[in-house]
Structures are given as structure tokens and as C-alpha cells.
Amino acid sequence: MCFGLAFLVYELSQSHNTLSIVKQLHALTIKYHLSFDPFYATKIIRLYALNNDLHSARIVFDRIPCRSVYLWNSIIRAYARAHQFNHALCLFSQMLRTEIEPDNFTFASVIRACSDYLDEVDLRVVHGRVIIAGLGSDSISSSALVRAYSRVRFVDEARRVFNGMPKPDLVMWNSMVSGYGSSGCWDKGLELFRRMQKMGERPDGYTMVGLLSGLWEPSLLQVGKGIHGLCLKNGFESYAHVGSALVTMYSRCGCLSSAYGAFNSQSLPDLVQWSALITGLIQSGACEEALLLFREMNLKGQKADAISIASTLAACARLAMMGPGREIHCYVIRHGFELEVMVSSALVAMYSKSGFAGLGFRVFKAMSKRNTIAYNSVISGLGSNGLASFAFDMFNEMLEEGFQPDQSTFSALLGTCCHAGFVKDGWDLLRRMEKEFNIEPSTEHYVYMVKLLGMAGEFEKAYQLIHSIPGYTDSGVWGALLSCCEVHGNSELGEVVAHRLFEIAPDKSAYRVMLSNIYASNGRWNDVKSLRDDMMEGGLRKMPGLSWT
DNA sequence: ATAGGGTTAG
């Protein structure tokens, strides 16, 4: 056996090859007439996929006439991993038309594609096929099903699959626990966790991450601390994934000191842990601190990636700080991150929020790949800087390019109308989003619409609109109307709305201030006084904006 | 076959 073949056989068993080595290996399989052998082809496809060269992987696949299950699985898994779900599913349906039967690994990949790309209905179809194939109690395809049903918010269906397993293995338990976690049922996750322990199944790091992922708010801090304790007791806190789940959990629960603590207890924090902490700081409003931390990360030699850059740019945007934003932009250009849609969308927002919509627009124009979020970003950037017609142009372009607008698109567009005072366009959009795009307007869309009408002085219409909203008790829309009354000094309607708000949200002193401003602008000083006395009784001692009376 | 950080709108 010559050197080349020995090299080939050895390297094929390694998974940490670079793309150039994979290409050499591929060439060797051709040289030794092994390129049509399904075994070698499967390996080559897997290696191309691991190195993100799906194109080459596909070429190899297409050239093999005699395809084994393994070969099909490797190409389907490659597409599913790369989030190219349409390709994955397309290949799956091709496979169903051959005499090769899909196995549990095929189903696992396809189910993964369904949960990220398709909906519950498609998932049920695939589920049916799993059962027909006799894999109903196979743990590999069933745990994929549990995960997928949880991701599309059908936890109960996930539980049914779980219950159908005579003896769930650890992966199965973990999938169900994290299914509960990601669906916001942390208490059910914990219950399942206890049952699992009672049945003698030992949890591992995955279990802990699943439990932690369900803790989203400050009231769950104690629960989180309890789970942290369990991690410490079992030595799981040294796992990188557990570490970053802890950092995230503490930030979400509003306990930044503990987030820092979890971060610092990692001997060598990795990129994900750094960005978990940075994001935690941004969400708690500590944006300057987040920027400093990003710099510290770079100084420590940890290279940033698209996700951490995009998050940090969001901090610059919130601070409306061009300085650091531009610096990061330079870094982005030097390292080629402007090709990442996520990064460029964040850049557009950063420039726009700093008041330089033109620069944002230029970044957008230079993007080679776009998506709905990128369009949302540029539309709101232009619109919120008073460039309404440009914003509408981009909306039309987005539709021509075939991108689906979403809730945020319409928020951005209605916000644009507010800035420009385009009442008619506002009505148009509100109608189109429901009729043409099947998106139900949410409270914030109505808030924009009410503001738009109220600012134009069309109080009647605004009031009617609020009454036409199903379940119109939300304080947001009334607050918007009240602030319009404040601007216009409309005390007749203002009084009605304010009293309504006092009923819905009695503790909101802001509404009392607004009402008092309305009284003041009408010279009704006695009403101003009595409102203030009311507030004093209610324990609200300070009344901002009225210290001069 | 299971796990961590995510850009837009608000």
C-alpha cells in the first residue's frame, strides 16, 4: 500500500481536518477509484459538511449512482446542520421515492429541519412516517420529536411522545426537560427532573442546561440559585455550556453580580460565555459596561464572531454612540464580517439610531445578502429619521425581492407614518397587514395608529379605533391617546381617558402628570391643585414638572 | 440522536 492510500484511510477517520485537506482527500479517493464507493463518499460528504462546503458535498452526492442509507443521511444532515432546510426536506422526499428506507438517523435530521423551518402540521406528517417505519419507540427519532414538538410550542404533544417510551434513556429525559425549559414551563421541567432522579437516572450537564434555560425572570432567581447549587454539587459547573447557561440565567433574572460570579468562576471563559455576559449587561441597560467588556475580551485575545459583534453593536445603538460603533465597523470590514446579515443589520441600526440614516442606508446598499430583519432595520432607520418616502421604497423593494414582512416590519412602517404624519398610509398599512399578509396587529401597532390619529387631531377616529380592538383594555393604547390629548390640550377627552387609565393602572403616576398638564394648558388651576392633593394622599410626594406652581 | 451567547421593531 502506497503512502497516499494510508494517508487517506487515516485522515478519513479524523474529524478535525481543514477544507484544503478534505479537498486533497477527495482527490485521493478519485485517484484510487474509490470515489463511487458509498463508504468513502459518505466520509467525504461528512468532512465537506463539517467544513461548511455544502456545494462540494452535494457534487459528491450527485455523482454517486448507488446510494446507501448512510449516504442519504450524510447529505440530509449536512443541509439540516447548515439550516438549509428546504434542501434537506427536498432530498428527503427524493429519498422516499427510492427503494432505500429511511432509518432513525434520517428521521432525526429531517425532524430537526421541521422544527426550525416548518410548522406543527408537517411535523405530524413526519411523525406519522416514523410510526409507519416502526420507529415509534426508537429513542433517537423520538427524542428528536420531543425536541421538535417543544420548539414549535406543542409541549403536550412532546410529552405524549415521551410517555410512549417504555424506558426513556438519558437523552430522552434531557430532551423533555429542556423542552419544558424552552416552552416556559420551568416548574414542569423541575418536576420531571425529580421524577428522573427518583427512577435512578443520573442527570448530566445537558439536564442542567435544560432546567436553567426555562428561568427567564427575576422572580425565579431563587430557583436558579438552587439549580446552580446542584451543578456545583455534581461538578457540572466546569462544563462550558453549563457555565454560559448560568451566566444567561442570572442576567435574565436581573442578578448581574451573580452573572459576573458565574463568569469569573470559569478558568478560561470562551466566546459564548463572554457574549452571554455582554448581552446580559445590555439587557439590564448597562451598555457602557458592555462596551468595556467587549474591549476587554478583545484585549484578552478572545476573537469576536458575528453574534458577539451584532450584540455589541446593539449596545452602541442604544447609547446612540457613533464612536465605538464606527470602530467596530472598521473591525467588521477588516475581518470580513460585513458579509454576515446579522452584523450588517446591526450596523444599519447603529448608524440610524445615532442620527446618520444616510450612513446606515449605505451599509444596507452594500449588503450582498439580505433578509427580513435587514429590511426591517433599514426601513425603521430611514423612517425614524424622517425619510418616509425612502422607507416606503425599501418596503416595496423588499416585497419585490420576495421577503415576507413580519410584525416588526409593520411596526417600523407605522412608526414611519407617525414621524411623517401620514394618516392615510397608516390606515392602508393596518388594513394590508391583516388582509394581504395575514399578520394580526398587536398592541404596539394600535399604539402607533392611535398616536398617528391623535397627533393629527382626529380624536374621534382614534377613540373609535381603540373600541374596535378586541380586548381593548390594554393601557398602552389609552396612554398613547392621553399623550396626544396632552399635546393638543384636549381636556374633554383627556379627562375621560385619564380616568379610564386610573382604573386600569392606578399606580401609574405618569398619567396623573399628563392629566395635570392638560388642565394646566387650559388654565384650570383648581383642577391641577386637587389632582396634586390626590397624589399627595396617595403617597406620591413629588410631582414632576409642576414645581413652579 | 440532546446542550450555551443572537441582529430589526417595541
Side-chain angles (χ1 to χ4, degrees), chain A residues 73 77 103-109 111-112 135 138-148 150 169-179 181-182 204-213 236 239-249 251-252 262-263 266 269-280 282-283 304-315 317 337 340-350 352-353 360 364 370-381 383-384 405-416 442-445 447-448 476:
Chain A
N73 288 354
R77 195 161 53 213
D103 67 3
N104 47 1
F105 289 95
T106 324
F107 280 115
S109 297
I111 292 163
R112 188 187 143 86
L135 295 166
D138 169 72
S139 115
I140 290 169
S141 39
S142 298
S143 41
L145 278 170
V146 167
R147 204 179 90 97
S150 315
D169 62 1
L170 182 57
V171 173
M172 196 61 180
W173 283 105
N174 288 347
S175 302
M176 197 60 236
V177 168
S178 69
S182 56
D204 64 358
Y206 286 77
T207 326
M208 295 304 162
V209 172
L211 287 171
L212 289 168
S213 68
F236 295 143
Y239 293 146
H241 288 245
V242 174
S244 39
L246 283 168
V247 173
T248 305
M249 179 276 291
S251 331
R252 282 178 184 155
F263 178 82
Q266 297 288 322
D270 69 9
L271 178 57
V272 177
Q273 290 161 353
W274 278 102
S275 39
L277 189 57
I278 290 172
T279 307
I282 297 171
Q283 279 158 359
D305 68 349
I307 293 179
S308 53
I309 291 171
S311 311
T312 311
L313 282 168
F337 282 115
E340 300 273 353
V341 190
M342 189 193 286
V343 170
S344 287
S345 309
L347 276 171
V348 173
M350 183 276 293
S352 308
K353 288 208 176 134
F364 179 81
R370 295 166 188 165
N371 61 16
T372 297
I373 294 182
Y375 272 101
N376 292 348
S377 184
V378 78
I379 289 171
S380 100
S384 59
D406 62 6
Q407 298 222 348
S408 307
T409 316
F410 287 98
S411 291
L413 288 166
L414 289 168
T416 300
S442 67
T443 301
E444 63 186 73
H445 299 113
V447 167
Y448 278 123

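- For A:Ser139, the side-chain atoms get nearest to B:dA1 when compared with the rest of B:dG5, B:dA1, B:dT7.
- Computed from coordinates, the A:Leu277 CG to B:dG4 P distance equals 18 Å when rounded to whole Å.
- When each of A:Val341, A:Val343, A:Val348 is checked for a side-chain contact (heavy atoms from CB on, under 4.5 Å) with A:Ser345, only A:Val341 meets the rule.
- For A:Asp138 and B:dA1, the CG to C1' distance is 9 Å, given to the nearest whole Å.
- As judged by a 4.0 angstrom heavy-atom cut-off over every strand, A:Leu271 is placed among the base-contacting residues.
- The listed nucleotides are B:dG5, B:dA9, B:dT7; the one nearest the side chain of A:Ser411 is B:dA9.
- Nearest nucleotide to the A:Ser308 side chain, out of B:dG5, B:dT2, B:dT7: B:dG5.
- The closest side-chain donor-acceptor pair between A:Thr372 and A:Asp406, if any, does not fall under 3.5 angstrom.
- Residue-level contact check: A:Ser275 touches the bases, meaning some heavy atom is under 4.0 Å from a base atom.
- A:Asp169 comes within 4.0 angstrom of a nucleotide base, judged by non-hydrogen atoms across all strands.
- Between B:dT7 and A:Lys353, no contact under 4.0 Å exists linking OP1 or OP2 to a side-chain N or O.
- Within the 4.5 Å cutoff, side-chain heavy atoms of A:His445 are placed close to those of A:Gln407.
- No donor-acceptor pair closer than 3.5 Å links the side chain of A:Gln266 to the backbone N or O of A:Ala240.
- Between A:Asp406 atom CG and B:dT7 atom P the separation is 14 Å, expressed in whole Å.
- Atom CG in A:Leu145 sits about 15 Å away from atom P in B:dA1, given to the nearest Å.
- Between A:Arg252 and B:dG5, a side-chain N or O to OP1/OP2 separation shorter than 4.0 Å is present.
- At the heavy-atom level, A:Asp270 lies under 4.0 Å from base atoms of the strands shown.
- Interatomic distance, CH2 of A:Trp173 versus OG1 of A:Thr207, reported as 10.5 Å (0.5 Å rounding).
- A:Asp305 comes within 4.0 angstrom of a base, heavy atoms only.
- Going from atom CE of A:Met350 over to atom P of B:dT7 covers 15 Å, rounded to whole Å.
- Taking side-chain N and O atoms only, A:Ser380 has a distance below 4.0 Å to OP1 or OP2 of B:dA9.
- Nearest nucleotide to the side chain of A:Ala240, out of B:dG5, B:dG4, B:dT7: B:dG4.
- For A:Tyr375 and B:dT8, the OH to P distance is 18 Å, given to the nearest whole Å.
- Looking at heavy-atom distances under 4.0 Å, A:Glu340 makes no contact with the nucleic acid at all.
- No donor-acceptor pair closer than 3.5 Å links the side chain of A:Ser377 to the backbone N or O of A:Ile373.
- Contact annotation for A:Ser178: no contact, since no heavy-atom pair falls under 4.0 Å across all strands.
- The side chain of A:Ser175 sits closest to B:dT2 out of B:dT7, B:dG5, B:dT2.
- In the set B:dG4, B:dA1, B:dT7, the nucleotide with an atom closest to the side chain of A:Ser244 is B:dG4.
- Side-chain proximity of A:Asn174 to B:dG5, B:dA1, B:dT2: nearest is B:dT2.
- The CD1 atom of A:Ile379 sits 10 Å away from the C1' atom of B:dT8 (whole-angstrom rounding).
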Inset, instruction - Check step by step if side-chain contact (heavy atoms from CB on, under 4.5 Å) holds for A:Ser109 and A:Asn73. - result: CA-CA 8 Å; A:Ser109 297; A:Asn73 288 354; 5.9 Å; no
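- Heavy atoms of A:Val343 sit nowhere under 4.0 angstrom from any nucleic acid atom.
- Atom CZ in A:Phe263 sits about 15 Å away from atom P in B:dG5, given to the nearest Å.
- Here B:dG5 is the nucleotide among B:dG5, B:dG10, B:dA1 with the atom lying nearest to any side-chain atom of A:Ile307.
- Candidate nucleotides B:dG5, B:dT2, B:dT7 were compared by shortest atom distance to the side chain of A:Val272, and B:dG5 ranks first.
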